[in-house]
Structures are given as C-alpha cells and as structure tokens.
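Here the structure comes first, spelled out in structure tokens, and everything after it is commentary.
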Amino acid sequence: DTSSDSPAWLPGPSLRTARAFLGLAALGGKLYAAGGRTTSGDALSSVEVLDTTAASLAWSTVQHLTTARWSFGLAALGGKLYAVGGYTGTAILSSVEVLDPAKASPAWESGPNLTTTRYGFGLAALGGKLYAVGGCCALATIEVLDTSSASPAWRPGPSLATARTEFGLAALNATLY
C-alpha cells in the first residue's frame with residue numbers, strides 16, 4: 001500500500017494454483033497471472049485474474065493458454081494481452097498468443113511468432129509496440145512488434161550492448177529500462 005506516508009507490503013489473496021516463472025500483467029483494472037511452472041516442474045496453461053476493483057479480492061480462473069509455458073513474457077497492449085515465447089519444459093517457443101478480454105467469449109488466439117525462440121527475456125509495451133529483449137541463452141537481440149501495422153510482424157530492434165537473461169524490463173517516459 002503506497003497511499004500512506006509509511007508504505008508497507010500487505011498480504012493479498014493467494015493464487016488458486018501455486019506457480020513459478022509465470023507471466024503477470026495488468027489490464028483494465030485486473031491482474032492476470034498466466035502459465036508458469038509447478039513445483040514438480042510441469043508447465044502450466046492455466047490463467048487466473050484478480051479484479052482489483054471488486055469489493056472482495058479473490059483470484060478466479062479464466063480461459064487457459066493454448067500452449068503451457070513458463071519463463072515467457074506477458075504484456076498488455078491496446079486492450080489485449082500478449083503471451084510471448086517461453087519454455088514448455090522440452091522446447092523453447094517463438095509462438096505468441098493474444099487474448100482480447102473485451103470479447104463476448106474471450107479466447108487465446110495465435111499472434112505473429114517471434115523470429116527467434118526465446119525464454120527468460122524481458123517483454124514490455126512502449127509507444128504502441130511490444131519489445132522482446134534478450135533472453136536465454138545469452139541473447140542480445142531485440143524484436144519489436146507494431147500491432148497497429150496492417151500485417152503485424154516482429155522486426156529486429158537495436159541489439160543490447162550486453163546479453164541479458166532472466167532480468168526485469170519496464171517502460172517509463174518513452175524509455176525502456
């Protein structure tokens with residue numbers, strides 16, 4: 001809670017399914033926790049949502065990803081969620097799934113694949129585009145998706161000076177950090 005003069009961490013509701021290496025994104029006053037890995041190492045396809053505007057906070061299950069994945073990117077852009085890349089436990093992915101929660105019957109649909117398989121990378125939305133940055137193993141490449149394009153496709157962006165894996169990426173004031 002950052003609304004007071006003495007900010008403090010407060011307990012929140014537990015997820016329905018324990019998961020590590022999940023994707024987490026905020027969209028429309030809701031938090032989405034997707035995919036991840038169980039404690040036994042199995043990839044998850046389940047997705048949970050927390051409506052932060054509800055009087056009683058509790059996670060509920062929504063439409064599952066079509067491909068179970070962990071260590072992937074999840075980001076919100078243009079009212080949609082994008083689940084990008086990741087690892088199944090046996091394969092590194094380039095696939096992308098897109099969810100439009102505003103649809104009458106929301107379902108994950110295929111989006112444009114990355115040009116490079118990657119997991120453990122950073123994913124952020126900035127200026128109407130998605131940026132997939134770095135990843136395992138020792139990737140310094142960046143891919144950019146302009147979803148407003150007539151035919152959206154991932155394009156190369158400027159490479160990192162140093163390869164990065166399993167790091168945080170955030171967009172602030174027209175800059176990626």
Side-chain angles (χ1 to χ4, degrees), residues 19 21-36 43-53 60-88 91-136 139-160 163-177:
R19 57 185 80 219
F21 304 106
L22 66 149
L24 183 68
L27 177 63
K30 298 177 180 178
L31 287 176
Y32 291 83
L44 294 167
S45 63
S46 60
V47 181
E48 299 180 42
V49 63
L50 178 68
D51 185 345
T52 62
T53 65
S60 58
T61 303
V62 294
Q63 184 69 37
H64 286 215
L65 295 163
T66 59
T67 301
R69 58 182 76 211
W70 55 276
S71 201
F72 68 103
L74 186 69
L77 178 64
K80 298 177 182 178
L81 286 174
Y82 291 80
V84 179
Y87 187 62
T88 65
I92 303 170
L93 303 172
S94 64
S95 62
V96 174
E97 297 183 45
V98 183
L99 178 72
D100 183 349
K103 284 187 173 179
S105 298
W108 290 94
E109 300 173 1
S110 294
N113 285 356
L114 293 162
T115 61
T116 303
T117 58
R118 61 179 77 218
Y119 73 100
F121 63 100
L123 183 71
L126 177 66
K129 298 176 182 174
L130 282 179
Y131 292 81
V133 179
C136 191
L139 292 176
T141 58
I142 296 176
E143 295 186 55
V144 183
L145 177 65
D146 183 352
T147 59
S148 67
S149 169
S151 52
W154 293 91
R155 309 253 187 260
S159 291
L160 296 167
R164 305 266 184 228
T165 302
E166 301 292 349
F167 63 100
L169 181 69
L172 177 65
N173 298 329
T175 303
L176 291 174
Y177 293 92

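Using modelled atom types, no side-chain atom of S45 and backbone atom of T66 make a donor-acceptor pair closer than 3.5 Å. Using modelled atom types, one side-chain atom of W154 and one backbone atom of P112 make a donor-acceptor pair closer than 3.5 Å. For the pair S71 (side chain) and F21 (backbone), a donor-acceptor distance under 3.5 Å is absent. Checking side-chain atoms of R118 against main-chain N and O of T141 turns up a donor-acceptor pair under 3.5 Å. Side chain of S46 to backbone of H64: no donor-acceptor contact under 3.5 angstrom is found. Using a distance-only test at 3.5 Å, with no hydrogens or angles considered, a donor-acceptor pair links the side chain of R69 to the main chain of S95.
Here the closest non-hydrogen pair linking A174 and L126 is CA-CD1, 3.6 Å. Considering every non-hydrogen atom in both F121 and G134, the closest pair reads CB-O, 3.3 Å. G111 approaches V98 most closely through the heavy-atom pair CA-CG2, 4.0 Å. Heavy-atom minimum distance, G157 versus V144: CA-CG2, 4.0 Å. What you find for A33 and L22 is that their closest heavy atoms are CB-CD1, 3.7 Å. Listed here is the closest heavy atom pair of V47 and A34: CG2-CB, 3.9 Å.
In this structure, OH on Y87 lies 11.0 Å from OG1 on T117, to the nearest 0.5 angstrom. Taken from CZ in F72 to OG1 in T67, the straight-line distance is 11.0 Å, to the nearest 0.5 Å. We find the NZ-CD distance between K80 and E109 to be 7.5 Å, quoted to the nearest 0.5 Å. Going from atom OH of Y32 over to atom CG of L74 covers 10.0 Å, rounded to the nearest 0.5 Å. With rounding to the nearest 0.5 angstrom, the OH atom of Y119 is 10.0 Å from the CG atom of L139. We find the CG-OG distance between D100 and S105 to be 11.5 Å, quoted to the nearest 0.5 Å.
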For the pair D51 and T53, evaluate side-chain hydrogen bond (donor to acceptor under 3.5 Å, both in side chains) and give the outcome as yes or no after the intermediate values.
CA-CA 5 Å; D51 185 345; T53 65; 2.5 Å; yes
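For A26, the side chain to side chain contact (heavy atoms under 4.5 Å, CB included) partners are L31, not counting sequence neighbours. The side chain to side chain contact (heavy atoms under 4.5 Å, CB included) test applied to L99 returns L81, P101, P106, W108, not counting sequence neighbours.
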